[in-house]
Amino acid sequence: MYGRSVGVSIGGYGEMLLEALDREDEGGSAVPAPRSRLDLLRAVFYFGYKFTDDLLFNSEIEFEHAGVFDEAEVEGEVTDPGTGAVAGEAELSGEVLVEFAYVEWQARRGLGVRAGKLLLPLGLTNELHEPPAFLGARRPEVERYIIPTTWSGNGVGVVGDLGAGVSYRAYVTEGLDAAQFTAADAIRGGRQGGSRSLVTHPAFSARVDWTGAPGLLVGASAYTGESWQRAQPAARTCRPAPPSSTSTGAWSGVGSRPAHVRAGGARRGRRALGGPRRRRDPGGAGGELLGGFLEAGYDVLTRLRPGSRWSLLPYGRYEAYDTQDDVPGGAEDPAHDRRLVTAGLAVKPHPNLALKVDRQWRHDEAESGRSQWNAAVGYLF
């Protein structure tokens, strides 16, 4: 859209993922849950319209897990694939949602205004999360739990290119809802997603990037905002100040046809809801979350077949993150202190089409990590 003239722009992306989980966890215990899953993770369709050179509309509509089935057409009992428990006679298996939708007025090169549902400008993956854009069959877990990609919200903000390779974005949006935080998924469930969002306490996010040379990106972001959007339950206690969430992150990346190297990390601290002080609660949401990753890949066909339009990228990634780095008034569960190593191969017959196979070795401090194989097909147009 940004490089086109006046008129309509249509595009999209999607990915299908096969996961084959080991029969045992790292401690040697058998895991009864299903071993293999094949999922159409998402099919996303992009629609934009450019009214004038300085006024446009952008949007993406996403169908997750092959869409949503009509409840009346689902027969028999439905079980949860993770636990085997009966979930009811009809379970909505997917989602249809607006990933972002905003209007933008570009007053001048250094200042533009956006309003609508916005992707928060955090991390390496949240704004550029199309499958051919990241290494691995699955997105980095640091940018799934510590920065819950994809993360969007209703709001308004300013964007601009200041020259000399420096760009920025700064938004005021709906905040997180702390009532939905959990130990395992951290703040992920607290995203309101722009649907009847509570804005008792808005949030502020900002990002600055420097592109020092073609393919080189260095940047940092910050997010802050109180996360308690509703009346506090009488059965819970809280620290003197309302629960809040603050985040800082830094990243760097080098990307060109032959080599791809990215490093990212984030630390998030918040004054969380705490259980009664007389007991320790290992299931409580973490007061601090911490994570980082380093990944690299190299297109070997640039050496073996110079000039080939295909790419063949061996890649690797190391991640370390803890969704309970600190638990106010509670005990940390060692199962949430995780390490993850990924090694795989991506084949790209075209820059916008990727076929990936990789192995992930999981470790946590409770020795309950379960390793797996992954295979994915991803496209962008």
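This is a predicted model, so every value here is computed, not measured.
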message: Taking the basic N atoms (NZ, or NE/NH1/NH2) and the acidic carboxylate oxygens, is any pair closer than 4.0 Å for Arg207 and Glu127?
response: yes

- request: Could you tell me whether Glu141 and Arg362 make a salt bridge, using a distance below 4.0 angstrom between a side-chain N and a carboxylate O?
  value: yes

field: Results of side-chain contact (heavy atoms from CB on, under 4.5 Å) for Gln180 - residues two or more places apart only
entry: Asp177

field: Side-chain donor-acceptor contact under 3.5 Å, His336 with Arg338
entry: yes

Gap separating the CG atom of Leu124 from the CG atom of Leu217, nearest 0.5 angstrom: 6.5 Å

task: Could you tell me which residues satisfy side chain to side chain donor-acceptor pair (under 3.5 Å) with Arg191, sequence neighbours excluded, listed by chain and number?
output: none

query: What pairs with Asn154 under side-chain contact (heavy atoms from CB on, under 4.5 Å), at least two apart in sequence or on another chain?
result: Lys117, Glu174, Ser197

- request: Tell me, please, which residues at least two apart from Tyr318 pass ring pair (Phe, Tyr, Trp, His ring centres under 6.0 Å).
  value: none

query: Going hydrophobic residue to hydrophobic residue with side-chain gaps under 4.5 angstrom, can you get from Leu38 over to Leu21?
result: no

- prompt: With no hydrogens and no angle check, do the side chains of Tyr321 and Asp337 hold a donor and an acceptor under 3.5 Å apart?
  reply: no

message: Can you list, by chain and residue number, the hydrophobic cluster partners of Phe204 when the side-chain cut-off is 4.5 Å?
response: Val172

Side-chain atoms of residues 373-381: list all donor-acceptor pairs with protein atoms under 3.5 Å, sequence neighbours left out, distances to 0.1 Å.
from: Asn374; atom 1: OD1; to: Gln372; atom 2: NE2; distance (Å): 2.6
from: Asn374; atom 1: ND2; to: Asp358; atom 2: OD1; distance (Å): 3.0
from: Asn374; atom 1: ND2; to: Gln360; atom 2: OE1; distance (Å): 3.0

query: Is Arg109 salt-bridged to Asp161, going by a charged N under 4.0 Å from an acidic O?
result: yes

- prompt: Do Asp364 side-chain atoms and Ser368 backbone N/O form a donor-acceptor pair below 3.5 Å?
  reply: yes

Check: Trp105 and Asp54 side chains under 4.5 Å, non-hydrogen atoms: yes

query: Would a 4.5 Å heavy-atom cut-off, applied to side chains only, mark Tyr223 and Trp151 as touching?
result: yes

- prompt: Between Pro121 and Ser221, is any pair of side-chain heavy atoms under 4.5 Å apart?
  reply: no

message: With a 4.0 Å cut-off on N to O distance, would you call Asp209 and Arg169 a salt bridge?
response: yes

Given Arg144, Arg317, Glu15, the one that forms side chain to side chain contact (heavy atoms under 4.5 Å, CB included) with Arg138: Arg144

- request: Verify the ring-centre separation between Phe51 and Tyr49: is it less than 6.0 angstrom?
  value: yes

- request: Could you give me the CA-CA distance, side-chain angles and deciding distance for Tyr168 and Val159, then say whether side-chain contact (heavy atoms from CB on, under 4.5 Å) is met?
  value: CA-CA 6 Å; Tyr168 72 93; Val159 301; 5.6 Å; no

task: Indicate yes or no: at least one non-hydrogen side-chain atom of Arg230 is less than 4.5 angstrom from one of Leu198.
output: yes

- prompt: So, is the end of the Lys356 side chain (NZ or CZ) under 6.0 Å from the ring centre of Tyr315 and within 45° of the ring's axis?
  reply: no

query: Do Glu62 and Tyr46 have side-chain N/O donor and acceptor atoms under 3.5 Å apart?
result: no

field: Note, Leu135 side chain near His260 side chain (heavy atom, < 4.5 Å)
entry: yes

statement: Tested for side chain to side chain contact (heavy atoms under 4.5 Å, CB included) against Thr149, the lone hit among Leu120, Thr125, Leu119 is Thr125

task: Report the distance from atom OG of Ser371 to atom CG of Asp25, rounding to the nearest 0.5 Å.
output: 9.5 Å

task: Drop me the distance from Glu104's CD to Asn58's CG, to the nearest 0.5 angstrom.
output: 7.5 Å

- prompt: Is there a path of hydrophobic side-chain contacts, each under 4.5 Å between heavy atoms of I, L, V, M, F, W or Y residues, that connects Leu345 with Tyr298?
  reply: yes

message: I'd like to know if the side chain of Gln106 and the backbone of Arg108 have a donor-acceptor N/O pair within less than 3.5 Å.
response: yes

- prompt: Are side-chain N/O atoms of Arg42 and Tyr13 paired as donor and acceptor at under 3.5 Å?
  reply: no

